[in-house]
*Asks:* 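Pasting in a structure now, in structure tokens, and then I'll have a few things to ask.
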Amino acid sequence: MVDIKWEELGFSYIKTPYRYISYWKDGAWDEGKLTEDNMIHINEGSTALHYGQEAFEGLKAYRTKEGGINLFRPEQNAKRLNRSAERMMMPEVPQDKFIDALKEVVLANEEYVPPYGTGATLYLRPFLIGVGPNIGVNPAPEYIFSIFCMPVGPYFKGGMAPTNFIVSEYDRAAPHGTGAAKVGGNYASSLLPGQEAHDRNFSDCIYLDPATHTKIEEVGSANFFAISKDNQFVTPTSPSILPSITKYSLLQLAEERFGMEAVEGDVYIDKLDDYVEAGACGTAAVISPIAGIQNGDNFHVFYSETEVGPVTKKLYDELVGIQYGDVEAPAGWIEKVK
Ligand SMILES: *Cc1c(COP(=O)(O)O)cnc(C)c1O
């Protein structure tokens with residue numbers, strides 16, 4: 001066994017033995033293969049380096065109580081990668097190739113899939129980059145699709161805890177830009193707003209809709225949800241939000257399992273009193289309860305600054321239970337690696 005203190009893991013790079021890499025050239029993907037080499041040797045003119053022609057994904061492998069390994073809705077990641085690829089003028093990665101490669105990477109690095117009960121998971125990072133000789137602003141002549149992985153710790157060491165967020169003056173994405181694509185450019189431009197939020201002791205920033213700055217769009221690199229006074233699960237809708245698979249899963253669970261009304265609509269920043277709980281959701285964040293939101297001089301507290309609201313808690317338990325195989329999953333949500 002590898003010598004890792006699973007309970008102490010954070011979210012940082014660890015070199016695992018194997019990653020998958022496949023090359024696209026002259027209109028076709030090669031077979032792809034596992035490699036031990038964690039360095040990529042690419043042309044200096046690669047579009048990924050200069051013009052941000054790239055897209056990525058993030059998902060986790062979960063160790064079950066019985067020692068199996070689950071992936072959570074990986075076909076949704078395949079579909080989203082291909083939507084990002086289309087927007088960035090990159091070739092599609094066939095869904096079967098994507099899922100087979102994920103499984104290959106997980107199994108090859110099986111020792112690094114954290115044991116059940118530690119709260120840790122194996123994080124998988126698929127990415128697609130434009131490479132090859134180029135200098136003009138054009139789609140690349142060649143592409144690389146790769147997946148690497150590493151064990152990551154539970155998002156909340158010592159239990160789920162609400163934290164504070166601050167409304168950013170910056171926009172994450174333009175009204176008709178690339179907000180809905182999972183691409184590096186959105187992240188490069190979010191580094192400064194994120195740093196400014198951290199400098200003021202907030203967990204991250206809240207981005208408002210770029211056209212009117214009146215509605216909540218995203219919470220850093222996670223989606224936003226809130227529970228209304230009349231027990232609705234509400235999450236913003238906008239073409240510049242990144243469509244979170246966790247968010248769509250929660251919308252469905254709220255409705256089907258908890259009898260809530262699931263609403264994709266507008267969440268106005270000056271109407272936060274309508275909501276009794278709020279949170280951020282995503283693969284990395286899982287569900288992160290939001291204690292309060294600072295908007296200019298106004299600080300709005302939702303449920304409590306120290307305690308997790310009951311609806312947030314039950315949604316978290318249901319989602320995580322499904323991912324680890326402890327709670328029955330809706331049909332097709334779990335892809336068994338073993
Ligand atoms: C990846 C991502 C999310 C979360 O999506 P999941 O599919 O739930 O992991 C949310 N917002 C942004 C900006 C993202 O890049």
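Along the sequence shown, residues carry numbers from 1. Atoms within a ligand are numbered from 1 in the order they appear, just like the ligands themselves. Just so it is clear, the structure is predicted and the values come from calculations on it, not from any experiment.
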*Asks:* Where the closest heavy atom to atom 3 (C) of ligand 1 is concerned, which of Ser221, Gly282, Ala181, Ser84 has it?
*Replies:*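 Ranked by closest heavy atom to atom 3 (C) of ligand 1, first place is Ser221.
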
*Asks:* Could I get the full list of salt bridge (Lys or Arg N to Asp or Glu O under 4.0 Å) partners for Lys271, not counting sequence neighbours?
*Replies:*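 Salt bridge (Lys or Arg N to Asp or Glu O under 4.0 Å) list for Lys271, sorted by chain: empty.
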
*Asks:* Which residue holds the protein heavy atom closest to atom 1 (C) of ligand 1, what is that atom called, and what is the gap in Å?
*Replies:*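 For atom 1 (C) of ligand 1, the nearest protein heavy atom is Lys182 NZ, 1.4 Å.
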
*Asks:* I need the nearest protein heavy-atom contact for atom 9 (O) of ligand 1: residue, atom name and distance, please.
*Replies:*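 Result: Thr283 OG1, 2.6 Å.
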
*Asks:* Any idea which atoms of ligand 1 are less than 4.0 Å away from a heavy-atom of Thr246?
*Replies:*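 Counting from 1, the qualifying ligand atoms are 6 (P), 8 (O).
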
*Asks:* With respect to Phe56, determine whether any N or O atom, backbone or side chain, lies less than 3.5 Å from an N or O atom of ligand 1.
*Replies:*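 Phe56 vs ligand 1: no N/O contact under 3.5 Å.
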
*Asks:* Have a look at ligand 1 and work out which part of Gln76, if any, has a heavy atom under 4.0 Å from it: side chain, backbone, both or neither.
*Replies:*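 It is neither; nothing of Gln76 touches ligand 1.
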
*Asks:* Please examine the side chains of Phe148 and Thr16, heavy atoms only from C-beta on, and report whether any two atoms are closer than 4.5 Å.
*Replies:*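 Sidechains of Phe148 and Thr16: no contact.
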
*Asks:* Would Asp317 and Lys313 count as a side chain to side chain contact (heavy atoms under 4.5 Å, CB included) if you check the C-alpha gap in whole Å, the side-chain angles of each, and the deciding distance to 0.1 Å?
*Replies:* CA-CA 6 Å; Asp317 289 342; Lys313 180 76 172 77; 2.9 Å; yes

*Asks:* Any chance CD of Glu169 has more than 12 other-residue heavy atoms, nucleotides or ligands included, within less than 6.0 Å?
*Replies:*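 Count not over threshold, so no.
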
*Asks:* Check Ala222 against ligand 1 and report side chain, backbone, both or neither, counting heavy atoms closer than 4.0 Å.
*Replies:*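 Backbone only.
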
*Asks:* List in chain and number order the residues that pass salt bridge (Lys or Arg N to Asp or Glu O under 4.0 Å) with Arg83, two or more places apart in sequence or in another chain; answer none if no residue qualifies.
*Replies:*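 Testing Arg83 for salt bridge (Lys or Arg N to Asp or Glu O under 4.0 Å), a comparison that skips the adjacent residues, returns none.
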
*Asks:* Between Asn77 and ligand 1, does any nitrogen or oxygen pair lie at a separation below 3.5 Å?
*Replies:*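 No, Asn77 has no N/O under 3.5 Å of an N/O on ligand 1.
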
*Asks:* Are Phe299 and Glu305 packed together at the side-chain level, in the sense that at least one heavy-atom pair is separated by less than 4.5 angstrom?
*Replies:*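 Yes - at least one pair of side-chain heavy atoms lies under 4.5 Å apart.
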
*Asks:* So is Arg172 close enough to ligand 1, meaning a heavy atom under 4.0 angstrom away?
*Replies:*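 In this structure, Arg172 qualifies as a contact of ligand 1 - some heavy atom is under 4.0 Å.
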
*Asks:* If you count heavy atoms of other groups shown closer than 6.0 angstrom to NZ of Lys5, is the number above 12?
*Replies:*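 For Lys5, atom NZ is not crowded (no more than 12 foreign heavy atoms under 6.0 Å).
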
*Asks:* Would you call Arg172 and Glu217 a salt bridge, using N to O less than 4.0 angstrom?
*Replies:*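 Salt bridge: no.
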
*Asks:* Do me a favour and list the nearest non-hydrogen protein atom to atom 15 (O) of ligand 1 with residue, atom name and distance?
*Replies:*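 Looking only at protein heavy atoms, the one closest to atom 15 (O) of ligand 1 is Tyr187 OH, 2.4 Å.
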
*Asks:* Got an N/O contact under 3.5 Å between Lys247 and ligand 1?
*Replies:*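 So ligand 1 has no N or O lying under 3.5 Å from an N or O of Lys247.
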
*Asks:* For ligand 1, which atoms sit closer than 4.0 Å to a heavy atom of Asn223?
*Replies:*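 In order of number, 10 (C), 11 (N).
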
*Asks:* Just to confirm my output: which protein heavy-atom neighbour is closest to atom 11 (N) of ligand 1, and how far is it?
*Replies:*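 Heavy-atom neighbour on the protein nearest atom 11 (N) of ligand 1: Glu218 OE1, 3.0 Å.
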
*Asks:* Hey, can you tell me if Tyr324 and Tyr62 have their rings parallel, tilted or perpendicular (30° and 60° cut-offs)?
*Replies:*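 Aromatic pair Tyr324/Tyr62 classed perpendicular.
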
